[in-house]
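Below: one structure, written as structure tokens.
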Amino acid sequence: MDVSPREAEVLKLIGEHLSNAEIGARLFISVRTVESHVSSLLRKLEVPDRRALARPIAAVGTTRPAPVLPAPLTSFVGRAGERAELTRMIETGRQVTALGPGGVGKTRLALTVATDAAGTYADGVWFVDLVPVTDPDMVAAAVGGALGLGEEPGRDLTESVIAALAGKHALLVLDNCEQVRDGVALFLERLLAACPRLAVLATSRARLMVPFERIYQVPPLSLGGDGESDAVALFTERAAAVGRSLDPSLRAQVAAICDRLDGMALAIELAAARYPTLGLDGLTAALSHPLRMLTGGSRAEDRHRSVRAALDWSHALLEPSDRALLRQVSLFVAPFTAAAAAEVAGVDAGIAADGLARLAEQSLLVVTPVPGGTGYRALETIRQYGTERLAEAGELAETRSRHLRWCRARAADLATVGPDWRARFDAVADDLRAALKWAADLPEHRADAHRLARSLADLTFTRHLVGESQARFEQAAALAEDPADAASTLRNAAAVAGCRMRGDDMYRLHREAADAARRAGDTAGAAVGLATVATTAFRFSSKFVRVPPREEAVGLITEARGLAGDSPSAQAAVALAEAGMALLDAFETARSGAGGGRGDALPETIRRAERAVELARRTGDPLAESAALDTFAAVRSWAGDPFGAAETIRRRAGLLAAAPVTPAGTHELVDALAEAAEAALGIGDLPGARRWARQLADHPLLAEVGHRATSLLLVADALAGNVDEVLTGGVRFLDTWRRSGSRDTPVLGAAAAGVAMVHGLRHDDEARREWREVLDQSETLSGHAHGYGAVFDAILLLHHGQAARALERMAPDPEEVWRWITWTWLHWYVALRAEATVLAGGPDAAGRLADARTVVSGNPVATAVVERAEALLDRDRERVLATADAFEAAGCRYQSARSLILTGGEHAARGAVLLSELGLAPMAAPGGSHEGR
């Protein structure tokens, strides 16, 4: 076995139960590359699936995941009793809050306890710093970021976090919860209810007030012991670290200083940092300064007095220019550079760099790496202190305005996407959000807030944070003074909702956009909006929780028609809505059997769809034309013209390939790629289906939802007999499907049925049962009973020689089946039904073959199936053999092998070898059986 070093790394991480996305992030490689390594390992190790890959590693014992904790820059001193007590509490309680004032040492204590306890948590320890989070609704986003999760269309990040941690024995550390306490409380209530083996250790200045919370009051450092206390030990170690060791004889004097500082860890560290320049006498004198303690108002709260005293004292010793710089940079939520500080403080870059260095030397700022150089960060306590000082100096509004301008400039810089774009966005995103939150509440900054919200909406969409993007578009619309701007922004919000699979939001937002256009005096725009609302209800009905009633859509179309006037765009939108409604009515009539078939409504429905396409083309808007082509393809499909429908869909996808990358364009493109793949499957173009499905799987919008991304690719590979690709793609599908909470839209049923069939062809009953469980949670009755389920079940039954059972599975007549299923499966159903009839010895085999030949004409795979069945009926071995080449040319290697085996003789041996090379079990003779299969 020749396993490469990289494959060995992937194998180890599989043993740690990491998903492909997590492995890619850990090794800095793409998910596609991870999938390739997994496929190679399955082949080299001769194991059937990912579970088997993990077993050898688990058998020899893997190390527990390393705790995902920040590495402290300084050692932890003392607190042995506190560490032991807090450790006991998290072992016995679901959620413990380490409570105490700023500067008491909550964070360092929590980190140390988490590190000590890491070995007891099989699935790891995770740390989340909530300091940059200013919006309670963004708590889940912060936790998801720490876990390496991205947002998934169709669900919020809280659900993603719950899915990732469900069943995990892990410890989650949430640091600095006080400023988003309400958001943390709501988040924890949902998280802990769904994750019974998860423990949470939080740090906060105030209780979270959740029912299951246990409080550990973090005490100050111990002060007694004649100079042998934890407080003295901390001062001594930190003083030595800045270059001046303490003589043991001075411990009593140090103890007195620590006592004056009430044993507050931050205050002691600040004092120790000043020791080299002031000495103990100077420190003692400074502590006697009148500003050492603030009194009155909120500053009189006991829990703040000690830290404020230390900060006041440290602040008073700064040069005036450094005091000003400290309070001005306190507005930065995330790490910032010297250049950024210069802009916000309104000083020369050189002066800013000098001042920042001095502040860092005095432990008032932390030096940290940032993209492109050196950055600085103020600890939260110091940042809050600086902001208060800024307000006292009367500089808050002016400095916030400069910070807002800086944020808008950074947002403009990010408008062009480059190779380091993601890192640059992440570095400033929290500041953009903080500036927007401040500006949005002030009437004088409403225009700036609108522009920043609009920019942030675009940026978060590019970053694939689609939930936030929709919210920012809606926020920008609410801040817009011009209703025309609001209408445009709401249309973008609706498109993002579409990308998130939120049909109800699409409907609501398009309707709000129409109302805004009407307020702006844009009657044509209002007409387009109302017609689009109606169109959304039938084009994307599967994305709705509650599909609007038909009468509501009819009313919207009538209203839109009255407003359209002679506007080409409005007329095109109304024509599209009318075509869609005609198709919906005709289909429902035919499906119910009331109309007897397609015929009566067919010509008028086609005419309306063709007119909608022509009017949309005249507008010059590729998105309008795409929507019309989508409806026209559905009409052609319903009319029994799958090849015309496929050609229309390919035309649509080609049109969108050159369209700008916008929310609306992305929504249309993803939809078109999926339809193009399905259309190719329906006409037997398996290579084409794989090409379209691969484009869909590689689309960045679907990076975090691999089950949706790979579903159609799995279907194409299952039908083709590409077993390695099915096994590899199935790993990604299961990873993300389970992380999504094991629930999704019915479109996943075909993929699950296809993978289950492949495992059945391999005689892997355990894996097939696992995929049948997936299918049970994602299928629809009609799709499984009469569509993909019947097709995949029939292929498997025929492989096992159970032709009679296959025929029973496909008992419904094709003339009825089309009413219940998408036409994608009709040719496959008709062809396999004819073959099952021949192999089962059905008396009507010849008639079914003749009917099938007419239906599937032009479909290379289905035609070859019918041709083979007819040859078998005629006992013409040469014609059966010829179909092997037809299947091979069509990219269907499994059916090619099946033809060779059905031919018999030496050809059967060749077919058996091909099946083995594909990784499939031997095929039973026609009419035979495999018990239990």
Salt-bridge criterion met for [X] and [Y] (N-O under 4.0 Å):
X      : Y      : answer
Asp135 : Arg433 : no
Arg88  : Glu85  : yes
Glu178 : Lys106 : no

Output all residues satisfying side-chain hydrogen bond (donor to acceptor under 3.5 Å, both in side chains) with Ser455, sequence neighbours left out; order by chain, then residue number.
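By the side-chain hydrogen bond (donor to acceptor under 3.5 Å, both in side chains) rule, Ser455 matches no residue at all.
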Tell me if a side-chain donor or acceptor on Asp230 pairs with a main-chain N or O of Leu221 at a distance below 3.5 Å.
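No, the answer is negative, given that no donor and acceptor are paired below the 3.5 Å cut-off.
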For Thr120 and His169, work out which heavy atoms get closest and say how close.
O-CE1, 2.8 Å
Identify the heavy atoms of Ala411 and Leu452 that sit nearest to each other, and give their distance.
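Scanning both residues completely, I find the closest heavy atoms to be CB-CD1, 4.3 Å.
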Check: residues 183-201 side-chain donor-acceptor pairs under 3.5 Å, at least two apart:
residue : atom : partner : partner atom : Å
Arg197  : NH1  : Gly167  : O            : 3.2

Ring centres of Phe332 and Trp406 under 6.0 Å apart?
yes
Tell me yes or no: between the side chains of Glu213 and Thr97, is some donor less than 3.5 Å from an acceptor?
yes
Any side-chain donor near an acceptor of the partner, Arg214 and Thr92, under 3.5 Å:
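Side-chain D/A pair, Arg214 to Thr92: present.
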As a test of understanding, state which of Asp431, Val344, Leu456, Leu436 forms a side chain to side chain contact (heavy atoms under 4.5 Å, CB included) with Cys407.
Asp431
So, using salt bridge (charged side-chain N to carboxylate O under 4.0 Å, His left out) as the criterion, who are the partners of Arg383 when residues are at least two apart?
Glu380
